[in-house]
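Inspection log for the structure reproduced underneath, given as structure tokens.
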Amino acid sequence: QVQLVESGGASVQAGGSLSLSCAASGVTTSNGCMAWFRQAPGKEREGVAGIRTGAGSTAYADSVKGRFTISQDNAKNTLYLQMNSLTSEDAAMYYCAAASRTYCSAYSLLREYTYPYWGQGTQVTISS
């Protein structure tokens with residue numbers, strides 16, 4: 001059974017930092033793609049950051065470039081998202097997604113249709 005479990009969501013002040021984790025089990029993630037998506041109330045879910053887990057190459061949404069960093073620990077089957085300089089626009093539910101044995105282009109890394117496996121989400125709240 002595939003499970004993706006996100007953690008690390010919290011309430012943080014604007015300008016602050018937060019680190020999210022996603023622990024994967026029941027799926028081999030070392031030769032596929034993983035990503036972080038987010039969804040704010042009243043908005044569509046959007047791809048934030050993605051990584052090709054074999055090559056380690058990454059893609060980011062323009063809105064988070066230079067502020068967010070996606071990384072992986074294949075030995076722990078865990079995905080991370082380091083978020084810095086947070087603003088109110090970053091407040092959302094953050095979801096981890098995974099695709100095994102899949103090639104992802106820079107475009108498809110941030111597209112929902114790429115990923116068959118999803119976590120339940122972790123909430124990020126920004127206070128001013």
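Remember, predicted model here, so these are calculated numbers, not experimental data.
- Listed by chain and number, the hydrophobic cluster partners of Y113 are Y107, where partners are ILVMFWY side chains within reach of under 4.5 Å, directly or through others.
- Shown here are the ring-ring contact (aromatic ring centres under 6.0 Å, His included) partners of Y95, two or more places apart in sequence or in another chain: there are none.
- Applying the salt bridge (charged side-chain N to carboxylate O under 4.0 Å, His left out) definition to pairs two or more places apart or across chains, none involves residues 3-22.
- The main-chain N or O of S100 is found under 3.5 Å from a side-chain atom of T102 such that the two form a donor-acceptor pair.
- Under the side chain to side chain donor-acceptor pair (under 3.5 Å) criterion, K65 pairs with D62, sequence neighbours left out.
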### Task
Begin from the C-alpha positions of W118 and F37 and carry the test ring-ring contact (aromatic ring centres under 6.0 Å, His included) through to its verdict.
CA-CA 10 Å; W118 291 82; F37 288 75; 4.8 Å; yes
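- When all heavy atoms are compared, the tightest approach of A99 to T114 is CB-O, 3.5 Å.
- When all heavy atoms are compared, the tightest approach of A59 to L109 is CB-CD1, 3.9 Å.
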### Query
Which is it for M83 and Y94 under the side chain to side chain contact (heavy atoms under 4.5 Å, CB included) test, yes or no, and what are the steps along the way?
CA-CA 12 Å; M83 305 186 293; Y94 282 72; 3.8 Å; yes
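- Counting only residues at least two apart or in different chains, disulfide (SG to SG under 2.5 Å) contacts with residues 29-75 comprise C33-C104.
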#### Entry: Test side chain to side chain contact (heavy atoms under 4.5 Å, CB included) applied to I70 and Y80, step by step
CA-CA 6 Å; I70 188 170; Y80 303 97; over 6 Å; no
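- Sorted by first then second residue, the side-chain hydrogen bond (donor to acceptor under 3.5 Å, both in side chains) pairs that include residues 119-128, not counting sequence neighbours, number zero.
- When side chains are defined from C-beta on, I51 counts as touching L79, because their heavy atoms get closer than 4.5 Å.
- Distance OG1/T69 to OH/Y60: 4.5 Å, rounded to 0.5 Å.
- Qualifying salt bridge (Lys or Arg N to Asp or Glu O under 4.0 Å) partners for R45, counting only residues two or more places apart in sequence or in other chains: E112.
- Within the 4.5 Å cutoff, side-chain heavy atoms of I126 are placed close to those of V12.
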### Task
Output, in order, the C-alpha distance, side-chain angles, deciding distance and verdict of side chain to side chain contact (heavy atoms under 4.5 Å, CB included) for L18 and V124.
CA-CA 9 Å; L18 202 59; V124 173; 3.9 Å; yes
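- Annotation: side chain of L86 is in contact with side chain of F68 (closest heavy-atom distance under 4.5 Å).
- By the rule that hydrophobic residues join a cluster once side-chain heavy atoms approach within less than 4.5 Å of another member, V64 and W36 end up as members of one cluster.
- Pairs passing the disulfide (SG to SG under 2.5 Å) check and including a residue from residues 55-96, sequence neighbours excluded, read C22-C96.
- Checked against side chain to side chain donor-acceptor pair (under 3.5 Å), N84 has the following partners two or more places apart in sequence or in another chain: S17, Q82.
- Listed by chain and residue number, nothing satisfies the salt bridge (Lys or Arg N to Asp or Glu O under 4.0 Å) test with R101 (two or more places apart in sequence, or in another chain).
- Between the side chain of D73 and the main chain of K76, a donor-acceptor pair closer than 3.5 Å is present.
- Under the side chain to side chain donor-acceptor pair (under 3.5 Å) criterion, S108 pairs with S105, sequence neighbours left out.
- No donor-acceptor pair closer than 3.5 Å links the side chain of Q3 to the backbone N or O of S25.
- Note on residues 46-59: pairs passing salt bridge (charged side-chain N to carboxylate O under 4.0 Å, His left out), not counting sequence neighbours, are R38-E46.
- Considering every non-hydrogen atom in both G47 and A61, the closest pair reads O-CB, 3.4 Å.
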### Query
Between D90 and R67, is a side chain to side chain contact (heavy atoms under 4.5 Å, CB included) present by the stated rule, with each step listed?
CA-CA 11 Å; D90 298 315; R67 300 189 299 122; 2.7 Å; yes
